[in-house]
There are 2 protein chains.
Amino acid sequence: MGTDRVAALVDSLRARGERITTARRALLTALAEAGDHRTAEELAAEVARVHPEVHRATIYRTLDTLRRLGVVEHTHLGHGPAVYHLADEPHQHLVCEDCGAVAEVPPTVFRPLERALARDYGFAVSSRHFALVGRCRECSQGRDAI
Amino acid sequence: MGTDRVAALVDSLRARGERITTARRALLTALAEAGDHRTAEELAAEVARVHPEVHRATIYRTLDTLRRLGVVEHTHLGHGPAVYHLADEPHQHLVCEDCGAVAEVPPTVFRPLERALARDYGFAVSSRHFALVGRCRECSQGRDAI
DNA sequence: GTTCTTGCAAAAGCTTTGCAGGAAG
DNA sequence: CTTCCTGCAAAGCTTTTGCAAGAAC
């Protein structure tokens with residue numbers, strides 16, 4: 001399952017002339033196994049379970065490399081660290097300011113907004129770099145004000 | 001002009017039982033004069049021109065106090081520091097990932113999206129806490145890909 | 001006089017960078 | 001063999017915190 005996905009990513013990177021190193025393969029594996037988003041810290045811990053020698057700086061550098069290559073995206077959910085995930089299956093994040101729950105919604109929900117911004121402001125929304133902050137269903141029902 | 005606005009803000013804070021200190025008044029003045037968004041660093045510099053004794057920690061603490069009181073909002077435009085502005089005239093930020101230009105758009109543009117998220121996910125978008133990242137008109141025309 | 005705010009200094013949290021050794025191709 | 005990547009250590013940037021002195025009311 002995740003193994004195939006990693007193999008495909010590795011192949012595509014190699015095809016582009018990128019080097020395949022222990023850190024890169026381990027990071028791709030950790031990302032594929034994650035399912036949803038992970039912080040750099042969490043990914044470093046996951047990688048360290050198998051390859052303790054991989055340094056945190058390498059985690060950040062490799063994540064940035066993979067981002068430039070279009071393989072990884074990262075999103076800011078709030079005031080904490082950024083979260084990373086594989087770039088296939090793009091999605092937007094909704095984060096609840098009360099309980100911290102994070103929901104993923106398909107990018108189609110944003111299509112009308114993107115069209116309006118392109119039409120009225122010439123602005124081409126290009127990334128799902130930031131989450132939308134608000135209140136989830138459960139927290140909306142429990143209380144009214146902050 | 002800005003003076004009236006500051007006076008009104010000061011009055012409303014006092015009416016709520018909040019203390020009016022040098023730092024608070026200076027910060028409100030700097031925010032009112034700013035017109036658009038400013039980083040905490042920029043606001044600290046502006047305040048320091050008149051009151052050099054106001055410490056940066058006080059800037060952050062005061063901004064947070066004003067945020068809790070609903071007077072100030074802050075937004076994350078990208079990877080740098082947060083930007084602050086007075087909470088009247090709410091707006092969303094569009095930031096260009098190429099040239100860094102920041103546009104402000106009225107919240108009405110987001111109304112349909114907010115309704116869709118409320119209807120389909122029970123999610124109540126409550127803040128304009130993050131900018132939307134994309135490419136502005138000028139940068140879209142100049143080039144096609146990253 | 002009481003309570004809230006501030007200045008200071010220090011640290012926290014997350015991320016980036018310079019450099020020299022080492023691995024990938 | 002050449003180029004790119006990594007480990008290490010150190011620092012960067014933004015923001016937060018503990019504490020005692022000081023200001024607001």
Side-chain angles (χ1 to χ4, degrees), chain A residues 9-28 30 37-45 47-48 50-69 71-84 100 129-131, chain B residues 9-28 30 37-45 47-48 50-69 71-84 100 129-131:
Chain A
L9 288 168
V10 166
D11 288 349
S12 97
L13 288 179
R14 218 191 293 268
R16 289 198 260 171
E18 290 297 321
R19 294 189 180 174
I20 303 305
T21 66
T22 302
R24 294 187 178 182
R25 193 191 302 268
L27 206 32
L28 289 173
H37 34 70
R38 291 282 187 275
T39 65
E41 201 63 34
E42 291 166 345
L43 290 167
V47 167
V50 187
H51 303 283
E53 77 280 7
V54 173
H55 197 269
R56 201 164 304 165
T58 302
I59 298 289
Y60 280 103
R61 271 192 289 229
T62 304
L63 284 170
D64 192 53
T65 302
L66 295 174
R67 180 192 59 73
R68 282 188 294 100
L69 293 170
V71 173
V72 161
E73 286 183 350
H74 73 277
T75 301
H76 300 271
L77 297 181
H79 279 181
V83 295
Y84 296 82
H129 196 66
F130 288 117
Chain B
L9 287 168
V10 165
D11 287 349
S12 96
L13 289 179
R14 220 192 292 269
R16 291 197 258 171
E18 291 296 321
R19 293 188 181 174
I20 304 305
T21 65
T22 302
R24 293 186 179 182
R25 193 189 303 267
L27 207 33
L28 288 173
H37 34 70
R38 290 282 187 275
T39 66
E41 200 62 35
E42 290 164 346
L43 291 167
V47 168
V50 188
H51 303 284
E53 77 280 7
V54 172
H55 198 270
R56 200 163 304 164
T58 302
I59 298 289
Y60 281 103
R61 272 192 287 228
T62 304
L63 284 170
D64 192 55
T65 302
L66 295 174
R67 180 193 58 75
R68 281 188 293 101
L69 294 170
V71 173
V72 162
E73 287 184 351
H74 73 277
T75 302
H76 299 272
L77 297 181
H79 281 179
V83 294
Y84 296 79
H129 195 65
F130 288 117

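Each chain gets a letter, A, B and so on, in the order the sequences are listed, and its residues count up from 1.
- Applying the 4.0 Å criterion to OP1 and OP2 of dC5(D), one finds that Thr58(A) has every side-chain N and O outside that range.
- In this structure, Glu53(B) places its CD atom 15 Å from C1' of dA21(D), rounding to the nearest Å.
- A distance of 5.0 Å separates CD1 of Ile59(A) from CG of Leu27(A), quoted to the nearest 0.5 Å.
- For the pair His51(B) NE2 and dA23(D) C1', the computed distance is 14 Å after rounding to whole Å.
- Rounded to a whole Å, the CG atom of Leu13(B) is 14 Å from the C1' atom of dT5(C).
- Taking Phe130(B) as the reference, Phe130(A), His76(B) meet the ring-ring contact (aromatic ring centres under 6.0 Å, His included) condition, with sequence neighbours excluded.
- Between His74(A) and His129(A), the angle of the ring planes goes over 60°, which puts this pair in the perpendicular group of the 30/60° scheme.
- The distance from atom CZ of Arg68(B) to atom P of dT16(D) is 12 Å, rounded to the nearest whole Å.
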Heteroatom pairs (N/O) under 3.5 angstrom, protein to nucleotides 12-14 of chain D:
none

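- For the side chain to side chain donor-acceptor pair (under 3.5 Å) test, residues two or more places apart in sequence or in another chain that qualify with Arg24(A) are Glu18(A).
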Contact state string [nucleotides 20-25 of chain C, B base, S sugar-phosphate only, - no protein heavy atom under 4.0 Å]:
---BBS
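- Atom pair Asp64(A):CG and dC5(D):C1' shows a separation of 14 Å (rounding to whole Å applied).
- Rounded to whole angstrom, the span from the CD1 atom of Ile59(A) across to the C1' atom of dC5(D) amounts to 13 Å.
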Apply the test side-chain contact (heavy atoms from CB on, under 4.5 Å) to residues Leu28(A) and Leu13(A): give CA-CA distance (whole Å), side-chain angles for both, the deciding distance (0.1 Å), then the verdict.
CA-CA 11 Å; Leu28(A) 289 173; Leu13(A) 288 179; 3.9 Å; yes
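- Atom C1' of nucleotide dA24(D) and atom CZ of Arg16(B) are separated by 18 Å, given to the nearest angstrom.
- Toward the 5′ end of DNA chain D lies the nearest nucleotide of Ala23(A), the other residue of the pair Ala23(A) and Tyr84(B) mapping further downstream.
- Residues passing the ring-ring contact (aromatic ring centres under 6.0 Å, His included) test with His37(B), sequence neighbours excluded: His93(B).
- The residue among Arg61(A) and Ala40(A) whose nearest nucleotide of DNA chain C is located toward the 5' end is Ala40(A).
- Partners of Arg67(B) according to the side chain to side chain donor-acceptor pair (under 3.5 Å) rule, which considers only residues two or more places apart in sequence or in another chain, are Asp64(B).
- Nearest approach of Ala131(A) to Thr75(A), heavy atoms of both residues: N-CG2, 3.9 Å.
- No engagement by Thr65(A) is indicated, since no non-hydrogen atom pair under 4.0 Å with the nucleic acid exists.
- Between Val72(B) and Tyr84(B), the closest heavy-atom pair is CG1-CD2, 3.8 Å.
- Residue His55(A) contributes atom NE2, which lies 12 Å from atom C1' of dT16(C) at whole-angstrom precision.
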